[in-house]
Amino acid sequence: MQIAKVIVDIPAMQTNRPFDYAIPPAMEHKLGKGMRVEVPFNKRIIQGFITEISDHTDFEGELKEIIQPLDIEPALTEELLLLGEEMAETVYAYRIHCYQTMLPPLMKAKYEKEIEIVDELDEGTFYGLFQGKSKMSWENAVDRGILPQLIELKRAGKIEVNYILKNQAKAKTVQVYYSDLEMDSLEDAYRSLKKSAKQQQALLAAIMSMNGTPLTSKEYKDQFDIGSSAIRTGVEKGWLKAADREILRDPFKDRLFQKTEALPLSDEQTAAFQTMGASIREERHEIFLLQGVTGSGKTEVYLQLIAEVIKQGKTALMLVPEIALTPQMVNHFKSRFGNRVAVMHSALSAGEKYDEWRKIHRGDADVVVGARSSIFAPVENLGIIIMDEEHESTYKQDENPKYHARNIAIWRGQHNHCPVVLGSATPSLESRARAQKKVYTLVELKGRFNQRALPQVEIVDMRDEFKANNRSSFSMVLQEKITDRLQKKQQIVLMLNKRGYSSFIMCRDCGFVLECPNCDISLTLHMDSKTMKCHYCGHEEEIPNTCPKCKGHNFRYYGTGTQKIEEELQMLFPDARILRMDVDTTRKKGGHEAILSAFGRGEADILLGTQMIAKGLDFPNITLVGVINADTSLGLPDFRSSERTFQLLTQVSGRAGRAELSGEVVVQSYNPDHYAILFAQQHNYEGFYRTEMSLRHKAGYPPYFYTALITVSNPDEKKAQKKIYEIHEILQKKLEPDTIMLGPSKGSIARVNNRYYFQILVKYKQETKLHPALKQILDESQKENARGLYISIDSEPVNFF
Ligand code: ADP
Ligand code: ZN
């Protein structure tokens, strides 16, 4: 008997291992590793992944049988199966979550409930409740409000609830028509037709000329001018048979791509290309940190490295942060490599994502370009993995499994014996420190392509503006420069730094701030929907007219949204054409793209946006970049806040003066002397790196220490607090003496969605006991888990609130 080892879709500690199932005789030698299957588990039918086929089991009872496969070929490659197993360990996640994360959302299991009659019912109930059928769907029962009656029937043992597993992953198909008749029979049919049956003659002639090839009715129309009624006749007479042909939804099908050729590289680019190309040719795993200033031409280097990989008959994975995955970026790859590029990002519909995934899975893509989750693309025979803007925090997933795409990239690079290229103008301190220690190979592009100058950066002290009685959001200097560019018909980019920034309302009389009823955080004002919203739990309510506390009428709006800035800007420059880019204007599919291309076509003078605009823009006519508020991100309770601010300012400055026209940047700040702002002004990464490293050293933060964040939450504050102290005590006994624990403390937002949060940050250098200790804590908390306690462990957390 063949046995399949299956990871089942029940995310819990006890089920976080393969279970043995018997393979029924009809399926023997047909199932394989990586296939999704339907299996019985505790009276339910659920989805699982086969991780191994064996002829041995240690299970002593009678094995349950696999019900049926959900795929006819493995969904996960052997590489991904292995990756999921190892990843689950390092990120403290369940294996089932890791496997599900690797697949497009349509392939996630979806369960439906149905109610089935299992014992005789009286006629009234059978016809009344069940409408004369033996089953009904759960939704139907809910809609008709008959659950109370059903509970009675269930108690009486008359009905059962079945769980049905739905396979949502359906390929889109079109109907095609083909003929399986011999030529002789077709000719006979042709001869027996009446002279007047012109359409049928034409159809038979066409069928004969097609030699069995299936065509859609549209193709019959286009190629032979044969209408659908003739095709229907053909089917009736048995000349044609109908079948479904799978089609791929191509999100880029309407766009034309002009083929581009490799550009001659500059000396610096050539040197970089040579260094990294060697490891491609030698099929050697090596990690490169490609540090190149903004506008140094990293993209062209990526393109040529990928071309090299394709020449070897291998594939390439190109990761780009979600917001930098602009049409401009995609164009670079599609134009160079044509149809064999697959693009995966969150703006695609579920169907499109599934189709792009299948294109890769079938081996029809040599290059995959995508955001974080495409690091799991099922490409085989990888020749290079490139991660652009490697410092971006969005490469770390905040939810389970809390993986960092960089670590996955390195794992896959090792597995495939291929290089990994981490590119950035402002590398993360972690990566740069590893390059310093020669763990990564540092490759630099120090100048902009064509020796273009980096833009001049001017810092404006906003406190002086206030003193000079300028109450506008725009300093006099910035206003003058905007006027100047408008006159010269050059383009302007303005950024409002929304990080750590929100618009809230406060009562001027009593100081009351409107807070979320479920979370300890103030509600944010949304002008588009004219409501107050909670960004954590989604709670939404009307903007109050009077203060709920003192009944006063003096509400004031604090904080500035892009919309308000836009209004102000339009008042100052009534003739300027302004485009606004923020979450509100880009929510619609393609909204992001529409705004950027309109700006690219010169349909606006000013592009005003959030940090969305800091990346990837490469428009020659931008000569002025303004940062309206540089500091809001500095005040966050996060040891990376200076690093983030430096990176953001450098990135956004990099948008100016990328072509013939030289560029200028104005940074408005209330902390003009902060080192992150000063080093960004001087385009001085090295200076920033040294200063920040010494601060991290003193405070004992990464990259000098590793970190792990343990969070406990519970609807009952006391229980959460008790648990975190227990954990603290256990760890204190087990961990090395030089390991530091910060906390226990309240979460930076103490209550979210009516759950109370407590946390401990562990900082350690060498710690062999931490991992087993944490595993044990997770194991032992299983029972409490069912009673509302959650423990989450984030290894190397990126967001602290
Ligand atoms: P980065 O990603 O490093 O900020 P880009 O890749 O956007 O820089 O390149 C900056 C500009 O230089 C782009 O407009 C690009 O088309 C141009 N460029 C880069 N390399 C070359 C080359 N070898 N020949 C011609 N133009 C180039
Ligand atoms: Zn809330």
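Residue numbers start at 1 and run along the sequence shown. Because only heavy atoms are used, hydrogens play no part in the values below, and waters and symmetry mates are left out as well, while side chains stay in.
- Panel note: side chain H361, backbone L76; no donor-acceptor pair is recorded below 3.5 Å.
- In terms of modelled atom types and a separation under 3.5 Å, the side chain of E85 and the main chain of L82 share no donor-acceptor contact.
- Residues E38 and Q68 have side chains that bring a donor and an acceptor to within less than 3.5 angstrom of each other.
- With hydrogens and angles disregarded, no donor-acceptor distance shorter than 3.5 Å links the side chain of R17 to the backbone of I7.
- When each of K746, R751, R755 is paired with E717, the salt bridge (charged side-chain N to carboxylate O under 4.0 Å, His left out) condition holds for K746 and for no other.
- Separating the CG atom in L774 from the CD1 atom in I710 is a distance of 5.0 Å, to the nearest 0.5 Å.
- In this structure, the side chain of S179 engages the main chain of W239 through a donor-acceptor pair within 3.5 Å.
- A side-chain N or O of D122 and one of T125 form a donor-acceptor pair less than 3.5 Å apart.
- Of the possible donor and acceptor atoms, none in the side chain of S374 sits under 3.5 Å from a partner among the backbone N and O of A377.
- Between E322 and T394, the side chains place no donor N or O within less than 3.5 Å of an acceptor N or O (distance only, hydrogens not considered).
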*Could you go step by step and tell me if Q721 and N714 meet the side chain to side chain donor-acceptor pair (under 3.5 Å) rule?*
CA-CA 9 Å; Q721 192 169 16; N714 197 311; over 6 Å; no
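- Residues F41 and F19 bring their aromatic ring centres within 6.0 Å.
- A side-chain donor from one of E86 and W411 sits under 3.5 Å from a side-chain acceptor of the other.
- In this structure, CG on L80 lies 8.5 Å from NE2 on H415, to the nearest 0.5 angstrom.
- Under the 3.5 Å distance criterion, with hydrogens and angles disregarded, a donor-acceptor pair is assigned to the side chains of E89 and H771.
- Under a 3.5 Å cut-off, the side chain of E114 and the backbone N or O of W138 do not form any donor-acceptor pair.
- Between S228 atom OG and Y177 atom OH the span is 8.0 Å, to the nearest 0.5 Å.
- Proximity of a side-chain donor or acceptor of T15 to a complementary backbone N or O of P11 within less than 3.5 Å is not detected.
- For the residue pair S792 and K402, a side-chain donor N or O sits within less than 3.5 Å of a side-chain acceptor on the partner.
- K359 contributes a side-chain N or O that, together with a main-chain N or O of V341, makes up a donor-acceptor pair within less than 3.5 Å.
- Checked by atom type, the side-chain pair N416/E380 shows no donor-acceptor distance below 3.5 Å.
- Side-chain rings of Y403 and F376 approach one another, their centers coming within less than 6.0 Å.
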